[in-house]
Amino acid sequence: MALVGLPLAVFAIVVNFYLVFSSSSPPVCPANARHGDRTSFHFQPAKNWQNDPNGPVYYNGMYHLFYQYNPHGALWDVGNLSWGHSVSGDLVNWAALDNALDPTAPFDANGCASGSVTILPDGLPVIMYSGIDGHRRQVQNLAFPKNPHDLLLREWTKPGYNPVIPVPADVSPDNFRDPTTAWLGRDGLWRFAISAVANGVGATLVYRSGDFLRWELNAAPLHASRDAVMAECPDLFPVAEHGTGGLDASASGGAGVRHVLKVSMPDTLEDYYMVGRYDDADDTFAVPAEDDQAAGGDDYRRWRRIDHGHLYASKTFFDASKKRRVLWAWVNESDSDADDVAKGWSGLQSFPRAVWLDEGGKQLVQWPVEEIETLRRRRGVLLGADEVEAAGGLREIGGIAASQADVEVVFEIASLALAGAERLDPDRSHDPDALCAEMGAAVHGGAGPFGLLVMASGDLHEHTAVFFRVFRLSHGYTVLMCTDLTRSSTRAGVYKPSHGGFVDIDIEKDKTISLRTLIDHSIVESFAGGGRTCMTARVYPEHAATSRSHLYLFNNATDSVKVSKLEAWELATASVNVGDDGLISSGGAICGAQTYL
Ligand code: DQQ
């Protein structure tokens, strides 16, 4: 379906119709697609490399997602970085448009890097992005819709007066990038935050402007870390102290509102955040004293993780239509460059997540947006009793295609099982990845491991385990969540780490722990404790090319574990971006008889 070049009115109707209704009409896959790894409901362009989500916005009834895109190949190539652009009516089905930005001007000749969209008071959106100029300096540029009446924002103009912000004298020219969505202060001035290395220190800086064109750097950084050289892709957003609703970026600090500062650490490709207080007069962000101590002061690496797995460069936006805050993030590949070239693509976006503040006020809750339910088709059933036997128990969840599924299970932990929990040396609690690597899914324990085996071959030779292990502390208990990838693929050259993170819940009081996992061919996104700990992993099971995948509950603890809730759904394949050849290269069911669900 060619979407570019239609008259506007016809185009808008066609896009809306297409996005809402097309998921029921099976598209065809390109003959050369490597079907098994392509996803069925995660966002991907039809082909080539993508990385960071850029400028997500809800505008005039349509969701827009821009993303870092190399239109010329499946590998990272900074000089070619463009802004890919897709639109959606429901955050699930997407139509591809032409690139919004390409590196064509002196102020972005070496790449259009990351940035954000802000809606101005007259209702018009503006892009602010980091261009890499002809001298390889990172500068900040604006772009405006070419036709303000085009609801789809198909073409963007880069004014000749760019850059609006050149590199300041004390900032390193190759470390000045990734402007956030701007917010309006009570004094009527716009602000945005940006990553920089200023005077040799990694900092998140704030600029102010009365007209969005002339910007002045605030003397104090929003936040700085002595320990981090550069923290990129900052995001500062307000959260309500109570409830699950989201707030617009310009909701100022005050009663009932806190702020979250998130940064991305390039050395480890990990995203960290802290809930704190934003001072809207000084434009500084402070971590509450008690959390500052617990979290290790300004060292981002001791802040909370957005996701304990394979996920980076996250960015949120306020969805005015549903009054919620939604998070997107880049999920990189874990296979080899040669595999990516053979596939013809690289990189996914996480499934969009609604984000809000936990009632305790210290951590975020993340949950797949409710629109995922429009993809639910067949319901899975637990084969056998609602209990998973001790030391080797395995129960299959049957009746569904297990390679594109949404599974939620609640495990009930009896006090008896807790009594068997092993003691955790407090020194070891700083490295959950190492704990999970040492005590994988096959290592039997007192109160765990128990959880899910996903993307499992019939003989279990390949499987990915997402599981919990409860440990005893000097006071109370703690729950470790792991994703064990060691058996996830027999393919050579695949990175198969163990991901780990603690789940901040009171297991002794709750006596239950929940796990929701989205399985989509080569990605496994998990949400524990109702979304308080998230863990994303990439998997490349070889069996999926020739046979179906299975889904199990397992238990390698000393006592049996009761399943008090199970909701497992097979998901339909969404319409995610149409290729130039008019074909949709989605994974799964509709990619031909040789592909197995
Ligand atoms: N990727 C972008 C940068 C950002 C980094 C360029 C994070 O702007 O700092 O593609 O992945």
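Residues take their numbers from the sequence shown, with the count starting at 1. Order of listing sets the numbers, starting from 1, for every ligand and every atom in it.
- Proximity to L81 (heavy-atom distance under 4.0 Å) selects the following atoms of ligand 1: 6 (C), 10 (O).
- Side-chain contact between W183 and L236 is present, with at least one heavy-atom pair separated by less than 4.5 Å.
- Between atom 2 (C) of ligand 1 and the options L269, N70, N54, D52, the minimum heavy-atom separation is to D52.
- When all heavy atoms of K362 and L357 are compared, the pair lying nearest together is N-CD1, 4.3 Å.
- The shortest N or O to N or O distance between W76 and ligand 1 is not below 3.5 Å.
- Between H223 and W303, the ring center distance clears the sub-6.0 Å criterion.
- When each atom of ligand 1 is checked for a heavy atom of Y312 under 4.0 Å away, the hits are 7 (C), 11 (O).
- Within the 4.0 Å heavy-atom cutoff, C233 counts among the residues contacting ligand 1.
- At least one N/O-N/O distance between D178 and ligand 1 falls below 3.5 Å.
- Taking the six-membered ring for Trp and the full ring otherwise, F192 and Y207 have centroids separated by under 6.0 Å.
- The proximity of N51 to ligand 1, defined as any non-hydrogen pair under 4.0 Å, is limited to the side chain.
- Relative to the ring axis of Y272, R305 places its NZ or CZ within 45° and under 6.0 Å from the centre.
- Between M230 and S195 the shortest heavy-atom distance is CE-CB, 3.5 Å.
- Residue F43 forms a ring-ring contact (aromatic ring centres under 6.0 Å, His included) with just one option from F66, Y63, W330, W94, and that option is W94.
- Looking from atom 10 (O) of ligand 1 to the surrounding protein, the closest heavy atom is Q68 OE1, 2.6 Å.
- In terms of polar-atom proximity, defined here as any N/O pair under 3.5 Å, W330 makes no such contact with ligand 1.
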